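Working notes, beginning with the structure itself.
Below, chain A is the first sequence line, B the second, and so on; all start at residue 1. What you see is a predicted model, and the numbers here were worked out from it, not measured in a lab.
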Amino acid sequence: MHDIKLIRDNPEAFDRAIARRGVAPLSANLIELDRKRRSAQTEFDELQGKRNTLSKEIGAAKAKKDEARATELMTEVAALKDRLGILEVEQKAHEEALTDALSRIPNLPAEDVPDGLDEKGNVELRRTGAPKNYSFKPKEHFDLGEGLGYMDFANGVKLAGARFTVVKSQLARLERALGQFMLDLHTSEFGYTEMQPPMLVNDATAFGTGQLPKFGDDLFRTTTGYWLIPTAEVPLTNLARDLIIDESELPWRFTALTACFRSEAGAAGRDTRGMIRQHQFNKVELVSIVSPDKSVEEHERMTEAAETVLKRLDLPFRTMLLCAGDMGGAARKTYDLEVWLPGQDQYREISSCSNCGDWQARRMNARCRAPGEKQTRFVHTLNGSGLAVGRALIAVMENYQNEDGSISVPDALKPYTNGLIKIEKVGK
RNA sequence: GGACAGGUGGCCGAGUGGUUUAAGGCAGCGGUCUUGAAAACCGCCGUACCUUUACGGGUACCGUGAGUUCGAAUCUCACCCUGUCCGCCA
């Protein structure tokens with residue numbers, strides 16, 4: 001959500017900024033809508049004030065038993081009614097139109113975000129860790145998983161449909177270990193508080209983080225009107241909704257391991273094999289709520305927390321700075337972490353860390369106040385995957401595979417696997 | 001799911017159509033007093049929007065939305081939420 005006052009003051013700058021995201025100029029329309037809204041409201045307020053005064057006089061006249069005077073005043077007020085009704089409807093209509101228009105515009109890119117319309121414009125910032133040399137041709141995760149008998153795509157289809165998988169036995173154990181490891185890291189070393197939020201949310205919550213009104217098609221919805229969360233960012237960020245938080249309490253840092261549900265409406269045909277793109281997957285999410293002057297440094301800190309997961313797992317990755325056209329609508333600036341997948345012979349996204357500035361905070365009406373100050377300010381919100389657990393499982397499988405199709409357990413996960421150090425086919 | 005009771009400012013709580021401009025209290029902030037503190041006393045003490053160069057002025061908000069009325073925290077309707085009991089249930 002954008003601040004109409006800012007647009008009013010800097011219309012050209014606003015149009016230039018949204019142009020970087022491929023959006024046509026909007027400021028002239030918005031300003032006109034705002035002008036109409038304000039003119040209706042001003043007149044409405046004045047008339048309403050007049051009515052309130054007269055109504056009070058009616059009360060006074062009746063108290064004095066001056067019925068003649070009261071009747072006279074009542075006809076005077078009655079004359080205001082029609083105009084008042086028209087103005088109220090007009091004001092509300094303009095306000096709704098303005099809010100709706102503003103809520104559909106993506107966030108403005110930060111100044112240090114590069115130009116570009118799609119992923120080709122992203123900038124590689126650094127590479128960490130080097131891909132291993134394999135003395136054999138590394139397999140993709142689905143071949144490894146099926147070879148071990150621990151990744152069952154047929155039963156995923158049987159139980160649910162395409163883009164669902166049943167993970168079994170030692171591999172399920174490994175996935176659980178990954179989640180525990182990540183949560184422990186973020187809570188004990190980076191100060192995040194572990195949460196178990198609802199995985200079904202209402203309209204207001206889905207609106208707050210920006211899924212609604214534009215992207216409802218990407219979500220699953222229950223027949224009772226709940227939305228299945230596409231990421232724990234949605235419930236965790238909305239914890240700040242409708243609050244005025246004392247700035248001495250900030251930052252708030254939350255983490256959660258939840259299932260995430262995505263309809264993948266626009267991804268037909270992409271990544272159809274394997275577990276890369278599922279309707280349901282587990283993810284450890286990081287969310288920070290900070291005062292407005294702290295979000296830039298918090299963004300770096302959060303990205304470091306996500307990178308640390310990959311470093312501890314000794315998985316090679318690169319850090320990308322997304323260009324203006326490739327970011328999600330809520331973000332001002334986004335870093336993607338892409339993990340090396342030797343089976344696929346390429347880097348694949350495993351984390352995305354975004355600074356949303358005040359864009360979500362305005363939608364949620366999430367504010368803060370410095371001690372002793374009267375003025376409230378919108379908080380800044382940040383979210384990042386730390387990491388996508390399903391994809392981390394894939395990355396471990398492909399990077400730690402052995403020639404015989406078994407998978408070594410990374411050192412960092414050994415405390416979580418109850419003695420299991422190698423995943424291999426057991427029994428029949 | 002059924003029955004009943006509720007939802008008022010940061011918190012408690014009064015308020016069933018018009019001097020209510022939401023009483024009073026607590027907490028908080030400032031002041032007087034005090035070596036300092038406490039107590040006492042005095043004052044301040046919500047959010048947003050519109051308007052104004054400014055000082056200021058105005059409007060809305062008593063769970064949400066609609067309605068009745070010249071006028072609604074108060075009356076009507078719908079919905080949401082909370083509590084208690086019953087039923088069901090991990």
Side-chain angles (χ1 to χ4, degrees), chain A residues 1-9 30-103 196-208 212 222-227 235 238-250 258-259 292 358 361-379:
Chain A
M1 182 86 91
H2 289 281
D3 184 0
I4 186 63
K5 288 181 191 163
L6 280 179
I7 298 172
R8 224 191 284 153
D9 293 342
L30 296 170
I31 289 169
E32 176 59 12
L33 216 48
D34 179 53
R35 192 195 58 74
K36 285 189 200 156
R37 173 195 130 250
R38 278 185 298 151
S39 117
Q41 185 180 338
T42 305
E43 198 188 336
F44 178 76
D45 282 0
E46 277 169 15
L47 237 52
Q48 182 106 297
K50 203 165 168 186
R51 189 199 67 185
N52 289 348
T53 311
L54 290 172
S55 291
K56 237 168 259 171
E57 284 177 35
I58 293 170
K62 290 213 168 184
K64 278 189 268 174
K65 304 268 189 247
D66 187 351
E67 289 299 328
R69 176 71 183 143
T71 310
E72 186 186 326
L73 287 165
M74 275 158 79
T75 45
E76 203 176 323
V77 177
L80 301 176
K81 268 197 111 178
D82 284 352
R83 184 68 187 148
L84 217 44
I86 292 167
L87 286 168
E88 185 179 13
V89 170
E90 221 171 84
Q91 199 273 123
K92 217 174 259 185
H94 289 141
E95 175 142 31
E96 269 169 30
L98 183 63
T99 304
D100 185 65
L102 288 172
S103 68
Q196 292 204 30
M199 292 184 226
L200 274 63
V201 298
N202 58 28
D203 288 351
T205 300
F207 179 85
L212 297 182
T222 69
T223 54
T224 46
Y226 293 116
W227 301 93
N238 273 276
L239 288 169
R241 193 171 80 223
D242 291 323
L243 295 182
I244 299 174
I245 304 165
D246 196 312
E247 279 185 35
S248 61
E249 275 186 46
L250 297 174
T258 69
D358 65 5
R362 287 180 182 282
R363 303 175 147 252
M364 295 190 299
N365 197 25
R367 292 164 292 170
C368 62
R369 176 155 44 205
E373 291 288 315
K374 193 174 163 58
Q375 192 58 41
T376 62
R377 304 189 286 171
F378 288 103
V379 298

Subject >> Inter-residue atom distance A/Arg8.CZ - A/Ile31.CD1, 0.5 Å rounding >> reply: 8.5 Å
Subject >> Salt-bridge criterion met for A/Glu32 and A/Arg35 (N-O under 4.0 Å) >> reply: yes
Subject >> B/G13 and B/A66, which share atom name C1', separated by this distance in whole Å >> reply: 29 Å
**OP:** Tell me the partner of B/U34, counting only Watson-Crick (N1-N3 plus N6-O4 or O6-N4) or G-U wobble (N1-O2 and O6-N3) with both under 3.5 Å; none if nothing fits.
**Re:** none
Subject >> Worked verdict on A/Leu200 versus A/Thr224 for side-chain contact (heavy atoms from CB on, under 4.5 Å) >> reply: CA-CA 11 Å; A/Leu200 274 63; A/Thr224 46; over 6 Å; no
**OP:** Please measure how far the P atom in B/C80 lies from the corresponding atom in B/U64, and state the result in whole Å.
**Re:** 15 Å
Subject >> A/Met74 or A/Thr376, whichever maps to the more 5' nucleotide of RNA chain B >> reply: A/Thr376
Are there any protein N/O atoms within less than 3.5 Å of an N/O atom in nucleotides 76-80 of chain B, and if so, which ones and at what distance?
none

Strictly under 3.5 Å: I want the nitrogen or oxygen pairs between protein and nucleotides 71-74 of chain B, one per line.
| residue | atom | partner | partner atom | Å |
| --- | --- | --- | --- | --- |
| B/G71 | O4' | A/Ser55 | OG | 3.2 |

Original post:
Which value, in whole Å, describes the distance between the C1' atoms of nucleotides B/G6 and B/A27?
Top reply: 25 Å
Original post:
Can you list the steps and then say if A/Val201 with A/Asn238 is a side-chain contact (heavy atoms from CB on, under 4.5 Å)?
Top reply: CA-CA 10 Å; A/Val201 298; A/Asn238 273 276; over 6 Å; no
**OP:** Would you indicate which nucleotide in B/U59, B/C50, B/U47 comes nearest to any side-chain atom of A/Gln48?
**Re:** B/U59
Original post:
Across all strands shown, which nucleotide pairs with B/G17 by Watson-Crick or G-U wobble geometry, both distances under 3.5 Å?
Top reply: none
**OP:** Using the P atom on both, measure B/G83 against B/G30 and round to a whole Å.
**Re:** 38 Å
**OP:** Please round to the nearest 0.5 Å and tell me the distance separating atom CG of A/Leu84 and atom CD of A/Glu88.
**Re:** 7.0 Å
Original post:
If we take the P atom in both B/G87 and B/U47, what is their distance in whole Å?
Top reply: 48 Å
Original post:
Is B/A27 paired to anything, Watson-Crick or G-U wobble with both distances less than 3.5 Å, and if yes, which nucleotide?
Top reply: none
**OP:** Start with the C-alpha distance between A/Trp227 and A/Thr222, add both sets of side-chain angles, then the distance that settles side-chain contact (heavy atoms from CB on, under 4.5 Å), and finish with yes or no.
**Re:** CA-CA 6 Å; A/Trp227 301 93; A/Thr222 69; over 6 Å; no
Original post:
Which one is paired to B/A3, where only Watson-Crick or G-U wobble pairs with both distances under 3.5 angstrom count?
Top reply: B/U84
**OP:** Tell me the partner of B/C45, counting only Watson-Crick (N1-N3 plus N6-O4 or O6-N4) or G-U wobble (N1-O2 and O6-N3) with both under 3.5 Å; none if nothing fits.
**Re:** none
Subject >> Side chains of A/Asn202 and A/Thr205, donor plus acceptor under 3.5 Å >> reply: yes
**OP:** May I ask you to say what A/Lys5 touches in the nucleic acid, namely base, sugar-phosphate or nothing, with a heavy-atom cut-off under 4.0 Å?
**Re:** sugar-phosphate
Original post:
Taking the nucleotide of RNA chain B with the closest heavy atom to each, which residue, A/Ser39 or A/Phe44, is nearer the 5' end?
Top reply: A/Ser39
**OP:** Tell me which nucleotide among B/U59, B/G18, B/C49 gets nearest to the side chain of A/Ile58.
**Re:** B/G18
Subject >> A/Lys56 vs B/G17: side-chain N/O to OP1/OP2 distance below 4.0 Å >> reply: no
**OP:** Under 4.0 Å between any heavy atoms, over every strand shown, what does A/Thr75 touch: base, sugar-phosphate, or nothing? Just pick one.
**Re:** nothing
Original post:
B/C50, B/U47, B/C70: which one has an atom nearest the side-chain heavy atoms of A/Thr42?
Top reply: B/C50
Subject >> B/G31 to B/G36 separation - P atoms, rounded to the nearest Å >> reply: 13 Å
Subject >> Who pairs with B/C77 - Watson-Crick or G-U, where each distance is under 3.5 Å >> reply: B/G65
Original post:
Roughly how far apart, to the nearest Å, are B/U34 and B/A23 at atom C1'?
Top reply: 34 Å
**OP:** Show the numbers, then the answer: is there a side-chain contact (heavy atoms from CB on, under 4.5 Å) between A/Gln41 and A/His94?
**Re:** CA-CA 10 Å; A/Gln41 185 180 338; A/His94 289 141; over 6 Å; no
Original post:
Looking across every strand, which nucleic acid part, if any, lies under 4.0 Å from A/Leu54 by heavy atom: base, sugar-phosphate, or nothing?
Top reply: nothing
Subject >> Main-chain N/O of A/Phe207 paired to A/Arg363 side chain as donor or acceptor, under 3.5 Å >> reply: yes
**OP:** Drop me the distance from A/Ile58's CD1 to A/Thr71's OG1, to the nearest 0.5 angstrom.
**Re:** 9.0 Å
Original post:
When you compare B/U76 with B/A5, how far apart are their P atoms, in angstrom units rounded to a whole number?
Top reply: 14 Å
Original post:
Given B/A48, is OP1 or OP2 found less than 4.0 Å from the side-chain N or O atoms of A/Arg367?
Top reply: yes
Original post:
Whole-Å distance between B/U59 P and A/Lys92 NZ?
Top reply: 18 Å
**OP:** Decide, yes or no, whether a salt bridge links A/Asp34 with A/Arg38 under the criterion of side-chain N to carboxylate O below 4.0 Å.
**Re:** yes
**OP:** May I ask you to evaluate whether A/Arg38 reaches the phosphate of B/U51, defined as a side-chain N or O under 4.0 Å from OP1 or OP2?
**Re:** yes
